[in-house]
Amino acid sequence: MNKSKLEVLTPQNSQLIFIDQQPQMAFGVQSIDRQALKNNVVALAKAGKAFGIPTTITTVETLGFSGPTFPELLAVFPEAPLLERTSMNSWDDQKVRDALARHAAQGRKKVVVSGLWTEVCNLSFALSAMHDTDYEIYMVADASGGTSKDAHDYAMQRMIQAGVVPVTWQQVLLEWQRDWARKDTYEATTTIVREHSGAYGMGIDYAVTMVHKGPERAAHGPTLPPQAAR
């Protein structure tokens, strides 16, 4: 076994790439609820920002077909360049290769991937990058989507057989955090969980307010006491 794959993801050994998170690509997704997909993509982006993970955003045929990148994703990285392509395979574009290589030169050879569609853009990128380099690919399954559940699942299986590591966005976030004693990212991590992790986030809100008697997360108007109807 390649021992490097036994190393957990850390903020120092990782880089992040978003591939074609664009509306026309999302329209075709049938493997995951599309609102859940966007939630997960934005959560992963916020995690990358919180931990200072170098991030590449690449797009395909923005003006001709796919439309602009999700604004919620761009809001997390407002200064990031968008690496436009014509090829469905991001590895065919030299700008993408160069961006990944710059980060890999810093020891960041674990490439965390979120993209559309799993069976096309993600698959071709993952296989090509692993064929040509010593990068390790971590495919964020729930921040990616395919044109059917079968399309997504069989693409994931094919990539796993080739050595891609399947992960989920929350797994990546908590692997980067690793230890709750790391207070410099504690608040950012729990904030992302509260906003994007459903019941887990609700549980944190409940524990803060009801168990630890902390303040509510959102300001609101006065709470009016019960009054029996006359």
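By convention here, the first residue in the shown sequence is residue 1. On a predicted model such as this, the values are computed, not experimentally measured, just so you know.
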Report summary line: Applied to residues 208-222, the salt bridge (charged side-chain N to carboxylate O under 4.0 Å, His left out) test, sequence neighbours excluded, yields D205-R217
Requested in this report: State, with a plain yes or no, whether a side-chain heavy atom of W180 is found less than 4.5 Å away from one of L174.
Outcome: yes
Requested in this report: Could you tell me the separation between the OG1 atom of T69 and the CD1 atom of I57, rounded to the nearest 0.5 Å?
Outcome: 6.5 Å
Query - Closest approach of F70 to A26 (non-hydrogen atoms, all atoms of both residues) - result: CZ-CB, 3.9 Å
**Report entry** Spacing of F125 atom CZ and M130 atom CE [to the nearest 0.5 Å]
**Finding:** 10.5 Å
Requested in this report: Please check if the side chain of W169 supplies one atom and the backbone of V140 the other of a donor-acceptor pair under 3.5 Å.
Outcome: no
**Report entry** salt bridge (charged side-chain N to carboxylate O under 4.0 Å, His left out) contacts touching residues 60-84 (sequence neighbours left out)
**Finding:** K38-E72
Report task. Any chance you could lay out the side-chain contact (heavy atoms from CB on, under 4.5 Å) test for I32 and N40, step after step, and finish with the verdict? Result -> CA-CA 11 Å; I32 182 175; N40 298 346; 3.9 Å; yes
Report summary line: Applied to residues 43-55, the side-chain hydrogen bond (donor to acceptor under 3.5 Å, both in side chains) test, sequence neighbours excluded, yields K46-E195, K46-H196
Report summary line: Here the pair of heavy atoms bringing S114 nearest to A143 is OG-O, 2.6 Å
**Report entry** T185 side-chain N/O to A188 backbone N/O, donor-acceptor pair under 3.5 Å
**Finding:** no
**Report entry** Side-chain donor/acceptor of R108 to backbone N/O of R102, under 3.5 Å
**Finding:** no
**Report entry** Members sharing V8's hydrophobic cluster (side chains within less than 4.5 Å)
**Finding:** none
Report task. Could you tell me which non-hydrogen atom of Y138 sits nearest to which non-hydrogen atom of S4, and how far apart they are? Result -> OH-O, 4.5 Å
Query raised in the report: In terms of hydrophobic clustering (I, L, V, M, F, W, Y; side-chain heavy atoms under 4.5 Å; direct or indirect links), are V111 and L173 co-clustered?
Result: no
Query - salt bridge (charged side-chain N to carboxylate O under 4.0 Å, His left out) partners of residues 9-22, not counting sequence neighbours, each pair once - result: D20-R85
Requested in this report: Output all residues satisfying side-chain hydrogen bond (donor to acceptor under 3.5 Å, both in side chains) with N13, sequence neighbours left out; order by chain, then residue number.
Outcome: T10
Query raised in the report: Between V96 and I19, is any pair of side-chain heavy atoms under 4.5 Å apart?
Result: no
Report task. Would you indicate whether the side-chain heavy atoms of I204 and V193 approach each other to under 4.5 Å? Result -> yes
Query raised in the report: Among the clusters formed by ILVMFWY side chains lying less than 4.5 Å apart, do M88 and I137 turn up in the same one?
Result: no
Query raised in the report: So which residues get pulled into F27's cluster when ILVMFWY side chains under 4.5 Å apart are joined, directly or through others?
Result: none
Query raised in the report: Regarding T56 and Q15, is there a side-chain donor-to-acceptor distance under 3.5 Å anywhere?
Result: no
Query raised in the report: Where is the tightest heavy-atom contact between Y135 and A101, given as atom of each residue plus distance?
Result: OH-CA, 3.3 Å
Report task. Output the rest of the hydrophobic cluster of V60: all Ile, Leu, Val, Met, Phe, Trp and Tyr residues reachable through side-chain heavy-atom contacts under 4.5 Å, sorted by chain and number. Result -> none
Report task. Would you mind reporting whether F51 and T189 have side-chain heavy atoms less than 4.5 Å apart? Result -> yes
Report task. Locate the shortest heavy-atom distance separating S14 from I53; write the atom from each residue and the value. Result -> O-CG2, 3.7 Å
Report task. Kindly compute the distance separating CD (Q22) from OG1 (T59), expressed to the nearest 0.5 Å. Result -> 5.0 Å
Query raised in the report: Where do P23 and P68 come nearest, in terms of heavy atoms and distance?
Result: CD-O, 2.9 Å
Requested in this report: Could you pull out all residues at least two apart from P81 that satisfy side-chain contact (heavy atoms from CB on, under 4.5 Å)?
Outcome: L83
Query raised in the report: Is the closest side-chain heavy-atom distance between L116 and L37 below 4.5 Å?
Result: yes
Check: residues 152-159 side-chain donor-acceptor pairs under 3.5 Å, at least two apart:
| from | atom 1 | to | atom 2 | distance (Å) |
| --- | --- | --- | --- | --- |
| H152 | ND1 | T118 | OG1 | 2.7 |
| D153 | OD2 | K149 | NZ | 2.6 |

Query raised in the report: Can you list every salt bridge (charged side-chain N to carboxylate O under 4.0 Å, His left out) pair that touches residues 169-182, not counting sequence neighbours?
Result: none
Query raised in the report: Taking it one step at a time, do K110 and E136 satisfy salt bridge (Lys or Arg N to Asp or Glu O under 4.0 Å)?
Result: CA-CA 5 Å; K110 296 182 184 291; E136 298 168 24; 2.6 Å; yes
Query raised in the report: Any donor and acceptor pair, going by atom type alone, linking the side chain of S197 with main-chain N or O of R194 inside 3.5 Å?
Result: no
Query raised in the report: Which pairs count as side-chain hydrogen bond (donor to acceptor under 3.5 Å, both in side chains) when at least one residue sits in residues 119-128, sequence neighbours excluded?
Result: N89-S128, E119-T147, N122-S144
Query raised in the report: When clusters are formed by joining ILVMFWY residues with side-chain heavy atoms under 4.5 Å apart, either directly or through shared neighbours, do V165 and L16 land in the same one?
Result: yes
Query - Within one Ile-Leu-Val-Met-Phe-Trp-Tyr cluster: L44 and V164, side-chain cutoff 4.5 Å - result: no
Requested in this report: Could you state whether F77 and W176 fall into the same hydrophobic cluster, counting links through intermediate Ile, Leu, Val, Met, Phe, Trp or Tyr residues with side-chain heavy atoms under 4.5 angstrom apart?
Outcome: yes
